[in-house]
Amino acid sequence: GDWKLAGFELMSENTDTNSLLRRCEQLRVKRVLPPEVSKGIWTAVVDAPHAIDMWSYGCLMHEVYNGMLGRPEDLKDTSNLPKEIVAL
């Protein structure tokens with residue numbers, strides 16, 4: 001099937017202190033929030049701008065192969081992921 005991507009209206013520069021992601025907590029999907037964002041540590045977002053993207057990618061891959069993510073600790077279980085996408 002087709003994959004539909006959405007949420008591009010929330011994109012901004014990682015240094016934007018007035019971004020929608022920072023201002024509007026209700027736009028954040030809590031079960032897939034990176035720990036830094038859920039704790040409000042925005043300096044980590046600026047210092048490692050791709051960390052949020054990698055966390056989100058990990059959540060996406062987990063949900064594709066395992067179903068809905070229940071808690072962040074579930075990301076450690078890679079048994080259902082194809083070996084080609086699991087880091088060695």
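Residues in residues 33-49 take part in no salt bridge (Lys or Arg N to Asp or Glu O under 4.0 Å) pair, two or more places apart or across chains. Pairs engaging residues 71-82 under the salt bridge (Lys or Arg N to Asp or Glu O under 4.0 Å) rule: Arg71-Glu73, Arg71-Asp74 [sequence neighbours left out].
Between the OG1 atom in Thr78 and the OH atom in Tyr65 there is a gap of 13.0 Å [rounded to 0.5 Å].
Listed by chain and number, the residues in a side-chain contact (heavy atoms from CB on, under 4.5 Å) with Ser56 are Ile52 (sequence neighbours excluded). Every residue two or more places apart in sequence or in another chain that forms a side-chain contact (heavy atoms from CB on, under 4.5 Å) with Leu75 is listed here: Trp55, Cys59, His62, Leu69. Residues passing the side-chain contact (heavy atoms from CB on, under 4.5 Å) test with Asp53 are His50, sequence neighbours excluded.
Residues Met61 and Val86 fall within the same hydrophobic cluster, defined by Ile, Leu, Val, Met, Phe, Trp and Tyr side chains chained together at heavy-atom separations under 4.5 Å.
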Applying side chain to side chain contact (heavy atoms under 4.5 Å, CB included) to Asn66 and Leu81, what does each step give before you reach the verdict? CA-CA 8 Å; Asn66 296 296; Leu81 298 177; 4.3 Å; yes
